[in-house]
Peer 1: 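Got a structure here, written out as structure tokens. Questions coming.
Everything quoted here is computed from the prediction, not taken from an experiment.
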Amino acid sequence: MKDIFNIMKREVRNISGDSSLFLILLIAPVLYAFMYGSIYLNKGEEKVKLALIDDDGSAVSRLLTDQLNVTPMIEIVPASNISEAQEKMYHGAVEGYFYIQKDLEKYILSQKQGNVNLVLNASRFLPSSDLLSTVTKVCLTVGAGVRKTYFNKQGMGEDESIKMTNPINMDYRPLYNSGMTYGSFLLPGLLAIILQQTLLIGVAAGFTSEREEKKLPELYKISGFSISKLIFGKGILYLCIFMIFGTFFTIVNFSVFGVSVRGSFMDLALIAVLFISSIIVLGMLIGSFFRSKLFAFQVLVFSSYPIFLITGYSMPYQSLPSAIQVMSDLIPTSPFLKIYISMVQAGGSLRDNIDSVIHLVILLLVLLILLILRLKYLIKSDKK
């Protein structure tokens with residue numbers, strides 16, 4: 001126990017004496033979490049500009065225009081004709097245009113089909129998707145009101161006309177992400193990736209520094225010539241620090257950004273211990289292959305986005321190419337994110353995600369065995 005404590009004290013001195021490690025391990029997690037998280041503070045888009053051409057000028061077309069304009073999502077920009085609307089869209093002044101045909105009300109009142117056209121700039125996915133959803137809801141609502149008025153004029157009572165207007169009543173209730181916003185989906189995973197990458201880069205760079213400065217034999221001696229104590233002594237400090245960060249994110253950052261945790265905090269803590277431990281071991285293993293701390297920083301800094309993409313978080317795992325799925329299964333981030341998102345957003349438990357828990361445990365054990373073998377090789381090489 002004394003050897004482990006001595007390694008921990010030595011690690012504290014190393015971090016406090018190295019400004020780059022101090023910044024990446026102690027400052028960057030909180031700074032990045034608030035900086036990147038603040039981008040999605042509002043979570044959803046508001047007042048997306050949509051050009052509108054009303055060639056009808058009737059009560060129905062004015063109702064459509066008013067209903068579109070009062071939604072939080074849409075800001076109507078009047079246009080005199082389609083050419084003007086297209087010009088606005090091509091120059092980025094609007095995200096699309098909505099065309100109301102001439103004699104729309106006349107067609108509706110004569111029981112003929114009336115048409116409206118929505119043209120969107122789909123090069124930006126979120127605005128076009130949100131506009132399509134909102135415009136569709138407004139058109140269906142206005143259409144239902146017109147049908148109800150027609151049935152009332154035919155002599156039907158209120159209840160009967162409502163049934164005829166909506167013969168099939170859809171009960172639409174989105175689960176977990178009830179606001180259907182991109183920010184609510186992205187923020188939990190983003191905070192987890194920030195925690196992972198700062199830990200991975202810091203641990204790898206710190207271990208590379210041991211090799212660069214040829215201090216590995218000294219570290220091995222302090223550990224009482226025990227590789228397991230060496231790994232545990234270095235790792236326990238990082239585990240404590242990043243468990244504190246994880247708790248801070250869950251309590252403070254989630255509260256600031258309006259993210260609720262639906263699962264058990266105890267289950268979340270247990271899976272966090274497994275995940276952080278696996279990243280510490282992975283960081284040491286990766287760091288053992290570098291000879292320059294600067295080069296380790298340069299390589300690992302660019303790993304954040306590729307790791308995020310292959311985990312199956314931004315793109316469904318089943319839709320990833322087979323080779324990418326294999327790569328995804330080899331990093332602890334993939335099973336952790338499945339469990340983490342299930343707990344945070346869906347209220348799942350460890351029992352609900354037992355396959356992913358086993359996957360994470362297996363990866364931790366395999367990485368630990370590889371690290372022990374790698375350290376034995378390095379220590380033998382240093383002795384020679």
Side-chain angles (χ1 to χ4, degrees), residues 1-32 195-245 273-304 307 331-332 363-384:
M1 194 67 188
K2 182 181 177 182
D3 296 333
I4 293 173
F5 186 68
N6 287 334
I7 294 172
M8 286 180 63
K9 287 196 300 182
R10 180 179 178 276
E11 202 67 23
V12 170
R13 288 195 300 270
N14 288 344
I15 294 173
S16 59
D18 190 322
S19 58
S20 58
L21 290 180
F22 184 83
L23 285 171
I24 197 70
L25 288 168
L26 299 177
I27 305 298
V30 177
L31 183 64
Y32 285 171
L195 198 70
Q196 172 206 284
Q197 284 305 105
T198 50
L199 175 59
L200 180 66
I201 295 169
V203 171
F207 204 89
T208 302
S209 182
E210 301 279 8
R211 289 200 68 196
E212 185 178 18
E213 298 173 11
K214 303 188 184 304
K215 291 182 177 179
L216 200 55
E218 174 195 333
L219 179 61
Y220 185 53
K221 183 178 180 181
I222 294 173
S223 69
F225 304 101
S226 169
I227 291 177
S228 58
K229 287 182 180 180
L230 186 156
I231 295 172
F232 189 76
K234 284 182 74 71
I236 192 67
L237 176 65
Y238 297 118
L239 178 63
C240 293
I241 291 172
F242 276 79
M243 280 300 294
I244 292 170
F245 279 138
V273 169
L274 278 177
F275 174 64
I276 292 172
S277 299
S278 65
I279 295 299
I280 291 169
V281 175
L282 178 62
M284 290 184 189
L285 182 62
I286 292 173
S288 69
F289 288 95
F290 291 101
R291 292 183 178 275
S292 166
K293 186 174 67 173
L294 177 60
F295 186 55
F297 272 124
Q298 291 172 335
V299 172
L300 292 173
V301 160
F302 291 102
S303 67
S304 304
I307 288 175
I331 58 174
L363 285 177
L364 174 58
L365 293 175
V366 170
L367 289 170
L368 190 58
I369 291 169
L370 291 175
L371 178 59
I372 292 171
L373 293 175
R374 175 64 178 165
L375 287 177
K376 284 183 177 180
Y377 171 79
L378 289 176
I379 291 166
K380 283 183 179 180
S381 299
D382 288 339
K383 285 181 179 179
K384 290 179 181 178

Peer 1: To the nearest 0.5 Å, what is the distance between CD1 on Ile236 and SG on Cys240?
Peer 2: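 Ile236 CD1 to Cys240 SG: 4.5 Å, rounded to 0.5 Å.
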Peer 1: Could you check Gln197 against Tyr32 for side-chain hydrogen bond (donor to acceptor under 3.5 Å, both in side chains), going step by step and ending with a plain yes or no?
Peer 2: CA-CA 11 Å; Gln197 284 305 105; Tyr32 285 171; over 6 Å; no
Peer 1: Between Lys293, Arg291, Lys215, Lys234, which is the residue that forms a salt bridge (Lys or Arg N to Asp or Glu O under 4.0 Å) with Glu210?
Peer 2: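 Of Lys293, Arg291, Lys215, Lys234, salt bridge (Lys or Arg N to Asp or Glu O under 4.0 Å) with Glu210 is met by Lys234 alone.
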Peer 1: Run the side-chain contact (heavy atoms from CB on, under 4.5 Å) test on Leu237 and Ile15 for me, step by step, so that the C-alpha distance in whole Å, both residues' side-chain angles and the decisive distance to 0.1 Å come before the verdict.
Peer 2: CA-CA 11 Å; Leu237 176 65; Ile15 294 173; 3.9 Å; yes
Peer 1: Indicate the atoms forming the closest heavy-atom contact of Leu21 with Gly202, along with that distance.
Peer 2: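 Here Leu21 and Gly202 meet closest at CD2-O, 3.5 Å.
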Peer 1: Just verifying a value: how many Å separate Leu219 CG and Ile227 CD1, rounded to the nearest 0.5 Å?
Peer 2: 10.5 Å
Peer 1: Rounded to the nearest 0.5 Å, what separation is found between the OG atom of Ser278 and the CG atom of Leu199?
Peer 2: 9.0 Å
Peer 1: What is the distance from atom CZ of Phe297 to atom OG of Ser292, rounded to the nearest 0.5 Å?
Peer 2: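 Output value for this atom pair is 10.0 Å.
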Peer 1: Output, in order, the C-alpha distance, side-chain angles, deciding distance and verdict of side-chain contact (heavy atoms from CB on, under 4.5 Å) for Lys229 and Ile222.
Peer 2: CA-CA 9 Å; Lys229 287 182 180 180; Ile222 294 173; over 6 Å; no
Peer 1: How close do Ile241 and Leu25 get, heavy atom to heavy atom, and via which atoms?
Peer 2: CG2-O, 4.4 Å
Peer 1: Given 3.5 Å as the limit, does a donor-acceptor pair link the side chain of Asp18 with the main chain of Asn14, or not?
Peer 2: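 Between the backbone of Asn14 and the side chain of Asp18 there is no qualifying donor-acceptor contact (under 3.5 Å).
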Peer 1: Do other residues, nucleotides or ligands put more than 12 heavy atoms under 6.0 Å from Phe232 CZ?
Peer 2: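 No.
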Peer 1: For Val203 versus Ile280, what's the shortest heavy-atom pair and its separation?
Peer 2: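 In this case the closest contact between Val203 and Ile280 is CG1-O, 3.5 Å.
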Peer 1: I'd like to know if the side chain of Thr198 reaches the main chain of Ile24, judged simply by a donor and an acceptor atom lying under 3.5 Å from each other, with no hydrogens or angles considered.
Peer 2: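 No: the side chain of Thr198 does not pair with the backbone of Ile24.
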Peer 1: Between Ser381 and Tyr377, is there a donor-acceptor pair closer than 3.5 Å when you use the side chain of the first and the backbone of the second?
Peer 2: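 Yes, Ser381 side chain to Tyr377 backbone: donor-acceptor pair under 3.5 Å.
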Peer 1: So Tyr238 and Ile276, do their side chains get closer than 4.5 Å, heavy atoms only?
Peer 2: no
Peer 1: To the nearest 0.5 angstrom, please state how far the OG atom of Ser288 sits from the CG atom of Leu370.
Peer 2: 10.0 Å
Peer 1: State, to 0.1 Å, how close Ser226 and Tyr220 come at their nearest heavy-atom pair, and which atoms those are.
Peer 2: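 For Ser226 and Tyr220, the tightest heavy-atom pair comes out as N-CE1, 3.7 Å.
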Peer 1: Report yes if the side chains of Leu195 and Phe275 come closer than 4.5 Å at any heavy-atom pair, otherwise no.
Peer 2: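 No, too far: nothing below the 4.5 Å cut-off.
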Peer 1: For Val273 and Leu239, which heavy atoms make the closest approach, and how far apart are they?
Peer 2: O-CD1, 4.1 Å
Peer 1: Would you name the heavy atoms of Thr208 and Ala296 that are closest together and state the gap between them?
Peer 2: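 In this case the closest contact between Thr208 and Ala296 is OG1-CB, 3.8 Å.
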Peer 1: What distance do Leu216 atom CG and Leu375 atom CG have between them, rounded to the nearest 0.5 Å?
Peer 2: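 Answer for the CG-CG pair, Leu216 versus Leu375, is 6.5 Å.
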Peer 1: If you define the side chain from C-beta out and look only at heavy atoms, does anything of Leu364 sit under 4.5 Å from Pro332?
Peer 2: no
Peer 1: Could you check whether Arg211 makes a cation-pi contact with Phe289, meaning its NZ or CZ is under 6.0 Å from the centre of the six-membered ring and within 45° of the ring axis?
Peer 2: no
